[in-house]
Amino acid sequence: MSLPKRYLITSALPYANGLKHVGHLAGAYIPADIYARYLRAQKRDVVFVCGSDEHGTAIPIQATKEGTTPRAIIDKYHAAMKQDFEDLSMSFDIYHRTSEPIHHETAQEFFTYLNDRGELEIKETEQYFDEEANSFLADRYIKGTCPNCGSDRAFGDQCETCGRTLSPDELINPVSTLSGKAPIKKKTSHWYLPLGKHEAFLREWILEQHKDDWRPTVIGQCKSWIEGGLQSRAVTRDLDWGIKVPVAGADGKMLYVWFDAPIGYVSATKQWAIDNNKDWKPYWYDKDTKLVHFIGKDNIVFHCIIFPIMLKLHGNILPENVPANEFLNLEGDKMSTSRNWKLDMRDYINDFVKKENGGGQCVDMLRYYLTQIAPETKDSEFMWKGFQDAVNSELVSKFGNFVNRTWVLMHKLCGGKVPRLHEELLDENDRTLFTDIKDAKTKIENLLEEYKFREALFEVIELSRKGNQYMQKKEPWIVAKKLAENPESQKSIDNTLHICLQLTANLAILANPFLPNTARKMLHLMKVVEKMLDWDNAGKINLLSVGYTLREPQLLFRQIDDEEIKTQIEKLKSGLLKMEEPKKEEVKPEVPAKAVIQFDDFAKIELKTGTILTAEKVEKADKLLKLSVDLGNEVRTIVSGIALHYQPEEIVGRQVTVVTNLAPRKMRGIESNGMIVMAEDKAGKLHFISPAQPIDPGSTVS
RNA sequence: CGCGAAGUAGAGCAGCGGUAGCUCGUUGGGCUCAUAACCCAAAGGUCGGGAGUUCGAUCCUCCCCUUCGCAACCA
C-alpha cells in the first residue's frame, strides 16, 4: 500500500449562532485533531482546516433574539469559537469563516461551474410570502390549523400536537409568525441539484467501494438515504442573508447554506495556501490526496451524499473516509442548548483550564476523557464521576505515576542522570518490555489509521501500565538497599531506570497526538527538543543519551477531587432550574395577540366551573387523560391532554373551568364533550384555572 | 399509536454462531520508590423476556417487554 502524497483533514464547520459544547468537541474536533497531529508527527504533508459557518436563516433569527445584527452575531461567535478551540489545543492549520470574500467567490464559482454545465435545474414553485415583512416564509415560520388533528398550533413542517409531518399547503388558515397576517402565495423559481441522477455513482462508490472501510453507521445511513429515493434539492433560497446567486436577475436569492458551507473547506484551504505561500490546488484536485471529513452523525448525508456529488461534478477529489461519530449524552440525558443541559467548552475552560497555571493539564484531562468515551459506534455518556475516575485512576495513577516514580528513583539512585545500559545484563523482563514498546507503536499506528481513537488511546495507557509492572518486577528500590554488600548491583538499577526513561520518552511520542500538552511537559522534564516527538522515534530505546542530566521530578497531572465534581453537577442542575423560571425578554409574545373580537363573540363561549370526579389514562396515548367532570346538572366525559403534567389520582376533586359548548370531538376513540381551560407557563407546564374559593359545580363563568 | 435507537457484572463499554470479556469500582492478602502502583486471590452476569432455526445462540428469525429520542438548536 503506497502512502498518499498529502492529507486534507476537515472538521465540521461549527454554526456561528452560539457557543459549542463538549459533545461537538468529542464528535468532530478532537478526533480530527488527534489524526492531524499523528500525521504531522509522521512528517506527512497535512492540512487541517475548519472555520465558522456563518450563513443560513438561524443567524438572522439569533440576531433578532439578541437584538442586534447578523454581522454582529457572526463576529461575536466566530471570535468566541476560535478562542475556545485555541484554548483546548486544537491544531487547525487555519480556522476560517464563510463570510470572507474568498469564500463567497469560491462558492459562487462552484455554483456557476455546475450551472453552466447544466448540472442544475430550475423549478418554479409557489411559496408563501409575507407581504408585510416582504419576505418568503420558511416552513417553520408558518403556523396554522392541523388538517389531521385540528390543533391550531401546527407549523408548516410538522404538527406538534399529533406529530404528523406536514407541508405548508396542508395547513388550514396559515398565518405568518413574522407579522401575524395571512401570507399570500407567490411564484418563485429556484435552482435544484438533482441528486437522483447520481444514484448509480453513489451506489458504486459508497455501497461497493467503501462497504468495508467506512463505519457501519455511516454506510447504513447512506443506504437508507439512497434507497429512500434521492430527491432534487434546492440550492438557492429567497433570503437576505447569505451568498448572492451569481446570475443576472436573481436578486434576493441566496445560495442555500448547505450548499455553501462545505465549500468552506475549499476556501479555507485557499486562504491557508495564500498565508503560507503554497498551492492549494493539489489538495482538492490531485488523486494522491487523502481527504477525510470528521463530523457528527447529523452531518452524514451532507458529507457522504450531497457534497461528494458536488465535488464530483466540479472535478474535485472525493473523501477517502467520513468517520462520523454518534452523539454524546450528559449525565443520563441528551445534551440540549434550549434546556441548558450541556457543558459548553467555554464553561470547562473557565472552571478548569483558566484556573490552572497554563492550564495544559486540564486541557489534556478533558481531551483524554472525551477520547476515552468517544461515541465511535453508538451514543455515549459524559458523566462527571466518570471524568474523575478516568483522570484519577488512569491518567494520574497509571500514566502520571509511572513517569513520576521513574523520575524520583532516577534522582535518588542514579544522580539525576540517564544511567548506562549494561547490555550484557539484559534479562527476560527487559527484552519483553522492548517488544512491548515496539508492539505498542504498531498497534497504535494501525488503530489510528482505522480511526479507532478510543482503542488507540487505551494502548497508550496500557503501555504505561506495562511500565509500572516492569518496575515492580525489577524493584530497584529493594536492590538499592543491598548495594553496600553487593556494589555490582548498581548495574541492575542502572538498567532498570535506563529502560524506564526510554519508555517515558516513547510514552511522550505516543501520547502526543492525544495529549499534546502533556507530551511537551515531558519534553521539558527530559530536556529534549520538540523533534524527539517525531513518530519515527517511537519504538526506539535509545532516545535519551547516557549521562544527560534531567530535570527535577514534576507531577504531570493533578487529581480531580470530589468537591469539583459536586460543584459541576450542581451547576448543571441549577442551570436547568434557571431555565424553568420565566425569562424577562419573553414578556413580549413571539406571536402577536389574537385579533380583537366583539363581546358577542366572547358571549358565544359558555364557561362553567366543574369538579373532576374521576380521571384515568387513555390507552396508547402519552398525553391524554379521560376525565368525568361534574357540571352540577350533568356529568360529562372530557378528554384532556394533560397526562404529562398531572397524575390521574392527584386531580380528582379539583375544581376547574370548562368550556361547555364546544363541539364534541373524538380523541383516541373517546368522545370528548368540552374542554378544560388551562394556563401554560413559560416552561410549558399546564396549570388549572380554578375558582379561588370552592364553588358549586356548574356555576357560570363570565 | 407511528418512526428511530438501545437493552451484556455496581458503573461505563467490547464481543456477535462454538467454554462470557475489558476498564473502573468492591472485598481479602502481600509489597512500598511513587499523586501510590504492582502482584495474588475473591465476589459479582440464567448476555431484557418468550418461541423458533441450528449439533450448538449473547450473536440469526419472529413475537413481546422496558428504556430513550422524535418543536427548534445541534457533533
Side-chain angles (χ1 to χ4, degrees), chain A residues 11-15 17-18 20-32 58 61-62 140 153-155 157-165 217 224 294-300 324-329 332-339 342 372-383 385-386 388-398 400-413 454-455 458 461-462 464-481 493 496-497 500 553 555-559 618-622 668-669 684:
Chain A
S11 276
L13 304 186
Y15 200 54
N17 70 337
K20 302 297 140 187
H21 54 65
V22 293
H24 299 104
L25 196 59
Y29 304 104
I30 289 179
I61 290 175
Q62 185 67 21
R140 196 68 208 167
R153 300 176 51 195
F155 289 96
D157 52 354
Q158 194 171 28
C159 170
E160 279 184 31
T161 313
C162 66
R164 175 155 153 179
T165 309
T217 44
S224 77
F294 286 86
I295 55 168
K297 68 175 169 186
D298 56 336
N299 250 326
I300 290 175
N325 274 324
E326 305 286 300
F327 284 167
L328 187 68
N329 296 326
D333 213 341
K334 200 181 166 180
M335 281 211 227
S336 156
T337 304
S338 59
R339 285 189 306 118
K342 58 176 178 160
Q372 202 239 42
I373 59 163
E376 287 173 7
T377 52
K378 64 177 175 187
D379 289 1
S380 65
E381 196 89 29
F382 185 107
M383 307 282 277
K385 186 75 178 67
Q388 184 191 22
D389 283 348
V391 169
N392 289 357
S393 62
E394 291 167 28
L395 264 189
V396 176
S397 297
K398 299 256 161 31
N401 185 46
F402 172 73
V403 175
N404 189 45
R405 64 199 296 213
T406 299
W407 243 250
V408 169
L409 278 175
M410 181 261 299
H411 275 87
K412 274 189 193 165
L413 306 178
R454 194 169 55 184
E455 271 183 76
F458 175 83
I461 299 299
E462 188 62 24
S464 67
R465 186 180 287 126
K466 294 232 171 80
N468 277 321
Q469 286 167 354
Y470 168 77
M471 194 179 275
Q472 197 64 34
K473 276 186 196 142
K474 305 291 277 192
E475 298 181 308
W477 54 92
I478 305 279
V479 178
K481 283 184 182 161
I493 295 174
T496 304
L497 269 301
C500 285
L555 298 180
L556 291 180
F557 305 101
R558 69 173 181 84
Q559 293 198 310
V618 176
E619 292 270 330
K620 295 177 181 177
D622 293 340
R668 287 271 158 227

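Just so we're on the same page: letters track the sequence lines, and every chain starts at 1.
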Answer yes or no: does a side-chain N or O of [X] lie under 4.0 Å from OP1 or OP2 of [N]?
X: A:Arg465; N: B:C39; result: no
X: A:Gln469; N: B:C39; result: yes
X: A:Lys398; N: B:C24; result: yes
X: A:Lys297; N: B:C74; result: no

Nearest non-hydrogen partners of A:Leu497 and A:Leu409, listed with the distance: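 That closest heavy-atom pairing would be CD1-CB, 4.0 Å.
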
Where is the tightest heavy-atom contact between A:Ser397 and A:Asn468, given as atom of each residue plus distance?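 That closest heavy-atom pairing would be O-ND2, 4.2 Å.
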
Indicate, with a heavy-atom threshold strictly under 4.0 Å, whether [X] touches base, sugar-phosphate, or nothing.
X: A:Gly23; answer: base
X: A:Asn299; answer: sugar-phosphate
X: A:Leu328; answer: base

Is it true that a side-chain atom of A:Lys342 and a backbone atom of A:Lys20 form a donor plus acceptor pair closer than 3.5 Å?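 Here the side-chain-to-backbone pair does not exist.
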
Is the backbone of A:Phe294 close enough, under 3.5 Å, to the side chain of A:Tyr29 for a donor and an acceptor to pair up by distance? no

Could you pull out all residues at least two apart from A:Lys474 that satisfy salt bridge (charged side-chain N to carboxylate O under 4.0 Å, His left out)? A:Asp427, A:Asp430

Salt bridge (charged side-chain N to carboxylate O under 4.0 Å, His left out) involving A:Arg454 - partner list, sequence neighbours excluded: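 Checked A:Arg454 against salt bridge (charged side-chain N to carboxylate O under 4.0 Å, His left out); zero matches.
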
Re B:U66: Watson-Crick or G-U wobble partner, both distances kept under 3.5 Å, found to be B:A6

Give the nucleotide from the list [options] with an atom nearest to the side chain of [X].
X: A:Ser393; options: B:C13, B:C24, B:C39; answer: B:C24
X: A:Met471; options: B:C13, B:C33, B:C74; answer: B:C33
X: A:His21; options: B:C74, B:C38, B:C33; answer: B:C74
X: A:Ser397; options: B:C24, B:C74, B:A37; answer: B:A37

Send over the distance from A:Ile461 CD1 to B:C24 C1', rounded to a whole Å.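 Going from CD1 in A:Ile461 over to C1' in B:C24 covers 13 Å.
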
Show your reasoning for whether side-chain contact (heavy atoms from CB on, under 4.5 Å) applies to A:Asn404 and A:Leu556. CA-CA 8 Å; A:Asn404 189 45; A:Leu556 291 180; over 6 Å; no

Pairs under 3.5 angstrom, nitrogen or oxygen only, protein versus nucleotides 41-45 of chain B, please.
none

Kindly say whether, by distance alone, the side chain of A:Gln472 makes a donor-acceptor pair under 3.5 Å with the base of B:C33?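 Answer is yes: a donor-acceptor pair is held.
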
